*Asks:* 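Pasting a structure below so you can have a look.
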Number of protein chains: 2
Amino acid sequence: MADVSLTTRPGHHVPATRGEQTAPAAEPSWDLIELLFFAYRDFVGDPDEVLAKLGFGRAHHRVLHFVNRNPGIKVADLLDVLKITKQSLGRVLKQLIDDGYVVQREGDHDRRQRLLYVTPAGEALAMQLADLQTTRISRVLGELGPSGGEAVRRFLAGMINAEDRDRVLRMIAGADRARLRRRDGAR
Amino acid sequence: MADVSLTTRPGHHVPATRGEQTAPAAEPSWDLIELLFFAYRDFVGDPDEVLAKLGFGRAHHRVLHFVNRNPGIKVADLLDVLKITKQSLGRVLKQLIDDGYVVQREGDHDRRQRLLYVTPAGEALAMQLADLQTTRISRVLGELGPSGGEAVRRFLAGMINAEDRDRVLRMIAGADRARLRRRDGAR
DNA sequence: CGAAATATGTCAATACTGCTGACATAATGG
DNA sequence: CCATTATGTCAGCAGTATTGACATATTTCG
């Protein structure tokens with residue numbers, strides 16, 4: 001592959017000063033700032049193409065993704081995860097429902113709630129999009145080895161706002177466990 | 001708190017057991033997909049707040065950033081880097097120019113060109129935004145150690161589309177060299 | 001020189017995604 | 001019964017992106 005010759009050139013952007021724990025002070029991390037921009041752009045680019053053919057955008061992807069990952073999620077919790085407003089969600093959610101990718105069910109105990117689930121078509125689409133992104137990720141992780149992958153996970157988790165970090169990590173772990181239960185558990 | 005509770009509902013979404021077992025495709029990298037989403041959201045969140053107070057958005061940030069990093073860049077090259085259209089760029093660029101953060105100069109050899117430069121105010125703003133992002137990055141990198149940082153760089157570079165990767169990496173390295181020349185070179 | 005190509009700017013129209021504020025409905029819970 | 005909660009919806013606005021067409025100045029080339 002492109003043999004990344006970004007090996008922090010001594011004396012450049014990584015200050016020898018050991019105080020870089022918190023302070024930018026010296027030289028900005030230009031390379032990582034720009035790598036994050038380009039990497040994220042291409043990371044979401046693959047799904048974008050598929051979605052465009054269905055008349056959907058990135059917002060639809062996010063909603064579909066989190067509903068697929070958290071079947072039965074409440075609207076309020078989805079708003080909390082996505083950090084968007086009810087109105088923004090409503091528009092894309094309505095389209096996903098009208099097009100048969102998502103369904104709503106009344107809550108068992110609280111009939112005000114509209115619990116969200118993907119339909120078979122919704123799951124198929126969500127999985128297709130996740131597979132596209134997984135292909136890109138796996139190729140790179142394979143070149144890094146397990147310890148590199150672990151460093152990447154720790155880096156990304158650390159980049160999340162401290163207030164949200166634990167909740168996000170719990171959600172990821174929780175959805176994984178639930179998926180496993182659904183897959184090989186009794187149903 | 002968004003306690004995403006998932007009660008396995010009977011019979012609505014298809015439990016992907018069949019498909020996943022027959023399909024040789026591995027399980028999607030749910031954790032990295034979601035970590036990238038949350039990490040990037042918060043990574044751009046800090047600058048967003050500063051920009052909003054100036055009446056700017058994310059698009060202004062990207063333009064200002066790359067002009068600051070590549071003084072004298074041509075409009076066409078900026079379009080190429082950002083992968084947006086001339087019209088989209090024109091609007092935000094005009095605002096940055098009107099507000100005194102960017103200036104245009106005729107090309108020396110080709111007077112059709114409008115080479116872009118940041119003003120002192122533009123550089124100050126660009127550096128302020130970069131420092132915000134660098135603070136977030138440095139805190140995490142400090143916890144990872146040098147080898148972890150190198151793994152992160154290789155991961156992000158690998159995530160970029162292969163067609164663009166070399167060009168992007170050259171641009172990053174080139175801008176670093178140019179900045180050094182300007183800083184401690186002749187002047 | 002004159003025509004074609006290039007670099008840029010601009011206008012009109014449209015789409016997607018986000019926002020605020022207000023209001024409506026239904027259900028829960030004390 | 002009443003306050004609160006969960007959700008939906010309407011109207012309007014903003015920011016960022018798109019395509020297509022057209023205009024202007026400049027360079028390049030036959």
Side-chain angles (χ1 to χ4, degrees), chain A residues 37 41 44-45 47-65 67 72-99 102-116, chain B residues 1-5 37 40-41 44-45 47-65 67 72-99 102-116:
Chain A
F37 167 69
R41 183 184 64 180
V44 295
D48 279 353
E49 290 178 31
V50 175
L51 292 158
K53 291 173 186 162
L54 299 172
F56 293 150
R58 227 169 264 182
H60 301 84
H61 184 192
R62 294 197 283 264
V63 172
L64 182 66
H65 173 95
V67 172
I73 190 174
K74 290 189 298 179
V75 169
D77 287 344
L78 190 50
L79 289 175
D80 207 42
V81 166
L82 299 175
K83 290 227 180 93
I84 59 175
T85 58
K86 194 169 40 166
Q87 295 73 13
S88 297
L89 173 61
R91 209 170 14 208
V92 300
L93 184 55
K94 187 175 190 309
Q95 287 175 273
L96 287 170
I97 292 170
D98 289 348
D99 290 10
V102 171
V103 290
Q104 293 174 309
R105 297 259 300 230
E106 273 188 356
D108 289 337
H109 305 317
D110 187 337
R111 294 200 333 230
R112 292 171 302 181
Q113 296 175 347
R114 298 299 144 84
L115 307 186
L116 303 172
Chain B
M1 149 154 348
D3 178 77
V4 181
S5 61
F37 166 68
Y40 191 79
R41 184 184 63 180
V44 294
D48 279 355
E49 292 178 31
V50 175
L51 292 158
K53 291 173 187 162
L54 299 173
F56 293 150
R58 229 170 261 182
H60 302 83
H61 185 191
R62 294 197 283 265
V63 171
L64 182 66
H65 173 94
V67 172
I73 190 174
K74 290 189 299 178
V75 169
D77 287 345
L78 191 51
L79 289 175
D80 207 40
V81 166
L82 298 175
K83 290 226 180 95
I84 60 175
T85 59
K86 194 169 38 166
Q87 295 72 13
S88 297
L89 173 62
R91 203 163 359 89
V92 299
L93 184 55
K94 187 176 190 308
Q95 287 176 272
L96 287 170
I97 292 170
D98 289 348
D99 291 10
V102 171
V103 290
Q104 292 175 309
R105 283 218 291 263
E106 273 189 355
D108 288 338
H109 306 315
D110 187 338
R111 293 199 333 230
R112 293 170 304 181
Q113 296 175 347
R114 299 299 144 85
L115 307 185
L116 303 172

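A note on names: the letters A, B, ... follow the listed sequences, proteins ahead of strands, and every chain is numbered from 1. Quick caveat: nothing in here was measured; it's all calculated off a predicted structure.
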*Asks:* Within this structure, what is the CG-to-P distance between B:Leu51 and D:dG15, rounded to whole angstrom?
*Replies:* 12 Å
*Asks:* With sequence neighbours left out, what residues match B:Lys94 under side-chain contact (heavy atoms from CB on, under 4.5 Å)?
*Replies:*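 Here the qualifying residues are B:Asp98.
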*Asks:* At what distance, to the nearest 0.5 angstrom, does CD of B:Glu106 lie from CG of B:Leu115?
*Replies:*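 So the gap between those two atoms works out to 9.0 Å.
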*Asks:* From NE2 of B:His109 over to C1' of D:dT27, roughly how many Å is that when rounded to an integer?
*Replies:* 14 Å
*Asks:* Starting from P on C:dT28, measure out to CG on A:Asp108 and report it in whole angstrom.
*Replies:*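 The answer, rounded to whole Å, is 12 Å.
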*Asks:* What one-letter contact string describes nucleotides 6-17 of chain C from 5' to 3', where B marks a base within less than 4.0 Å of any protein heavy atom, S marks contact via sugar-phosphate atoms alone, and - marks no contact?
*Replies:* BSBBBB-----B
*Asks:* How long is the gap from CZ on A:Arg114 to CG on A:Leu93, to the nearest 0.5 Å?
*Replies:* 11.5 Å
*Asks:* Can you name the closest pair of heavy atoms from A:Asp110 and A:Arg112 and give their distance?
*Replies:* OD2-NH2, 2.8 Å
*Asks:* How bent is the helix from C:dC1-D:dG30 to C:dG30-D:dC1, comparing axes over its five end pairs at each side, to the nearest 10°?
*Replies:* 20°
*Asks:* Which pairs pass side chain to side chain donor-acceptor pair (under 3.5 Å) with one or both residues in residues 47-65 of chain A, sequence neighbours excluded?
*Replies:* A:Asp48-A:Arg58, A:His60-A:Gln95, A:His65-B:Glu34
*Asks:* Find the distance between CG (B:Leu116) and CZ (B:Arg105) and round it off to the nearest 0.5 Å.
*Replies:* 10.5 Å
*Asks:* Between A:Arg41 (CZ) and D:dT16 (C1'), how many Å, whole number?
*Replies:*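 About 16 Å, once rounded to whole Å.
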*Asks:* Please name all residues satisfying side-chain contact (heavy atoms from CB on, under 4.5 Å) with B:Lys86, sequence neighbours left out, ordered by chain then number.
*Replies:*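 Expected list: B:Leu79.
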*Asks:* What residues form a side-chain contact (heavy atoms from CB on, under 4.5 Å) with A:Asp99, not counting sequence neighbours?
*Replies:*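 side-chain contact (heavy atoms from CB on, under 4.5 Å) check on A:Asp99 returns A:Phe56, A:Tyr101.
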*Asks:* OP1 or OP2 of C:dC19 sitting under 4.0 Å from any side-chain N/O of A:Thr85?
*Replies:*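 Yes, because at least one side-chain N or O of A:Thr85 sits under 4.0 Å from OP1 or OP2 of C:dC19.
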